[in-house]
Amino acid sequence: MSFEEEEEAFEHTLLVVREVSVYKIPPRTTSGGYKCGEWLQSDKIWSGRIRVVSRRDRCEIRLEDPNSGELFAACFVYPGQRDNSVEPVLDSSRYFVLKIEDGRGKHAFIGLGFNERNEAFDFNVALSDHEKYVRREHEKEAGDSASTEESQIDIHPAVNHRLKEGETIRINVKHKASSGTGMLSAAGLTGAHSGTPKPKTLSIAPPPSGAGKIRSPLPPPPNDPVAARIASTGYDSVKHSTDSLSDLSQLQKNLPSSTNSGSTTASGWAAF
């Protein structure tokens, strides 16, 4: 078996429903669609198992005998042609119309009915999953081909831009003067990218004049040891000065009394 035959034989089962009903339906009289209400119970021609199989790009809906597995009919769904192969009816969600083929170019339309609504829902999901799988495979192949083309475009060797021995690079940088705006310029400073900063003299306000009235210091807090020591020192100095004056008064008493005003005494003391 060749590689192409192995790829063709690969298949993946998407859904299996044990019992479905197949009906012989009348030809469609209008372009509006099919209605299962027009099918009679006597038109039921077969009942058995349905299997949905994915084979690469093609999805196959197989109607098989539940005991022997013999194929009754098959519906082929090709990419982008789901509406032509499987068509839901207008008046129910459990019935569909399938386009079956015999493999020799002949086809016919039959009615397909599920016993439960959730089985019909799973049938729709299986068909949608196959469409998503085919779309992903096509996008993957397109991406691989695009990456191959990109890898084949760049075939030239990389250019060596390194400096040779003895080569140098000269860069001229122009210094721009500061615009003089902003908080830094107001303080006499500039940023690192500007030119050499120029220092600016900052003026200091003079101290207040002495014309104002000097406030007296606040009295010291009570029980302050520093204030008590200063008070005791002042008292001792006052007492010492008083004692000195008392010594002068004692010396004055020892002075001789003058008998005549304006005359000097024999001891040489002058009369005051």
Side-chain angles (χ1 to χ4, degrees), residues 4-143:
E4 289 79 12
E5 292 177 352
E6 290 179 358
E7 289 290 330
E8 186 67 20
F10 176 77
E11 61 183 35
H12 177 63
T13 301
L14 302 178
L15 176 69
V16 175
V17 178
R18 294 185 177 275
E19 185 178 357
V20 294
S21 301
V22 175
Y23 297 87
K24 179 181 178 180
I25 60 175
R28 181 167 53 183
T29 57
T30 62
S31 61
Y34 293 95
K35 293 183 179 180
C36 64
E38 299 175 356
W39 306 345
L40 301 176
Q41 188 65 26
S42 60
D43 294 334
K44 182 177 178 180
I45 57 177
W46 184 84
S47 64
R49 180 179 64 190
I50 184 174
R51 190 155 60 102
V52 181
V53 179
S54 175
R55 300 186 62 178
R56 300 188 65 182
D57 292 347
R58 187 178 66 186
C59 180
E60 297 182 4
I61 304 173
R62 300 176 182 176
L63 301 175
E64 303 173 342
D65 186 270
N67 298 323
S68 62
E70 182 181 359
L71 182 65
F72 171 75
C75 174
F76 303 106
V77 181
Y78 297 96
Q81 301 180 11
R82 175 179 173 180
D83 295 338
N84 296 332
S85 302
V86 181
E87 182 180 353
V89 298
L90 301 177
D91 54 348
S92 178
S93 61
R94 296 188 296 112
Y95 291 85
F96 301 86
V97 175
L98 303 182
K99 178 183 178 182
I100 59 175
E101 300 179 11
D102 60 354
R104 292 175 294 184
K106 295 183 179 180
H107 67 275
F109 293 94
I110 60 174
L112 174 67
F114 292 90
N115 297 329
E116 301 293 338
R117 194 179 303 273
N118 58 346
E119 295 175 347
F121 176 79
D122 294 339
F123 176 72
N124 278 323
V125 171
L127 297 179
S128 300
D129 290 342
H130 173 75
E131 291 179 344
K132 293 178 182 178
Y133 165 76
V134 173
R135 191 183 305 114
R136 286 195 302 265
E137 290 296 323
H138 288 174
E139 293 176 355
K140 183 179 179 180
E141 293 177 359

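Along the sequence shown, residues are numbered consecutively beginning with 1. Not measured: the values here are computed from a predicted model.
To the nearest 0.5 Å, the span separating CG on Asp43 from OG on Ser21 amounts to 12.5 Å. In this structure, CZ on Arg136 lies 10.5 Å from NZ on Lys140, to the nearest 0.5 angstrom. Cys36 SG to Phe96 CZ: the interatomic distance, rounded to the nearest 0.5 Å, is 10.5 Å. In this structure, the separation between NZ on Lys35 and CD on Glu38 is 6.5 Å, given to the nearest 0.5 Å. To the nearest 0.5 Å, atoms CD1 (Ile110) and SG (Cys75) are separated by 8.0 Å. Expressed to the nearest 0.5 Å, how far NE2 of His130 lies from CZ of Arg56 amounts to 11.5 Å.
Within the 3.5 Å criterion, the main-chain N or O of Gly37 finds a donor-acceptor partner in the side chain of Asp91.
Glu87 and Gly33 get closest at one heavy-atom pair: OE2-CA, 4.0 Å. Contact between Arg94 and Glu116 at its shortest, heavy atoms only, is CD-C, 3.9 Å. The two residues Ala126 and Val52 come nearest to each other via the heavy atoms CB-CG1, 4.3 Å. Listed here is the closest heavy atom pair of Arg62 and Leu71: CB-CD1, 3.9 Å. What you find for Leu127 and Cys59 is that their closest heavy atoms are CD2-SG, 3.9 Å.
Residue-environment remark: CZ (Arg28) exceeds the threshold of 12 foreign heavy atoms within 6.0 Å. Residue-environment remark: CZ (Phe121) stays at or below the threshold of 12 foreign heavy atoms within 6.0 Å.
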Could you check Leu14 against Phe123 for side-chain contact (heavy atoms from CB on, under 4.5 Å), going step by step and ending with a plain yes or no?
CA-CA 9 Å; Leu14 302 178; Phe123 176 72; over 6 Å; no
side-chain contact (heavy atoms from CB on, under 4.5 Å) assessment of Val22 paired with Leu63:
CA-CA 9 Å; Val22 175; Leu63 301 175; 3.8 Å; yes
Just do the salt bridge (charged side-chain N to carboxylate O under 4.0 Å, His left out) check on Lys106 and Glu101 with the steps written out, would you?
CA-CA 6 Å; Lys106 295 183 179 180; Glu101 300 179 11; over 6 Å; no
Show your reasoning for whether side-chain contact (heavy atoms from CB on, under 4.5 Å) applies to Tyr95 and Phe114.
CA-CA 6 Å; Tyr95 291 85; Phe114 292 90; over 6 Å; no
CA sep, side-chain torsions, deciding dist, call: Glu60, Arg58, salt bridge (charged side-chain N to carboxylate O under 4.0 Å, His left out)
CA-CA 7 Å; Glu60 297 182 4; Arg58 187 178 66 186; 2.5 Å; yes
Decide yes or no on salt bridge (charged side-chain N to carboxylate O under 4.0 Å, His left out) for Arg49 and Glu19, but give the supporting numbers first.
CA-CA 5 Å; Arg49 180 179 64 190; Glu19 185 178 357; over 6 Å; no
Determine whether Val86 and Val97 satisfy the following criterion, side-chain contact (heavy atoms from CB on, under 4.5 Å), listing intermediate values before the conclusion.
CA-CA 6 Å; Val86 181; Val97 175; over 6 Å; no
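When side chains are defined from C-beta on, Leu112 counts as touching Ile50, because their heavy atoms get closer than 4.5 Å. Side-chain atoms of Arg55 and Val53, non-hydrogen and from C-beta on, do get closer than 4.5 Å to each other. For the pair Glu64/Glu70, no side-chain contact is recorded, criterion being any heavy-atom separation below 4.5 Å from C-beta on.
Aromatic ring orientation, Trp46 versus Phe72: parallel (interplanar angle below 30°, classes split at 30° and 60°). The aromatic rings of Phe109 and His107 sit perpendicular, their planes meeting at an angle over 60°, well past the 30° parallel limit.
Taking Tyr34 as the reference, nothing meets the ring-ring contact (aromatic ring centres under 6.0 Å, His included) condition, with sequence neighbours excluded.
No hydrogens or angles considered: nothing links the side chains of Ser54 and His12 as a donor-acceptor pair under 3.5 Å.
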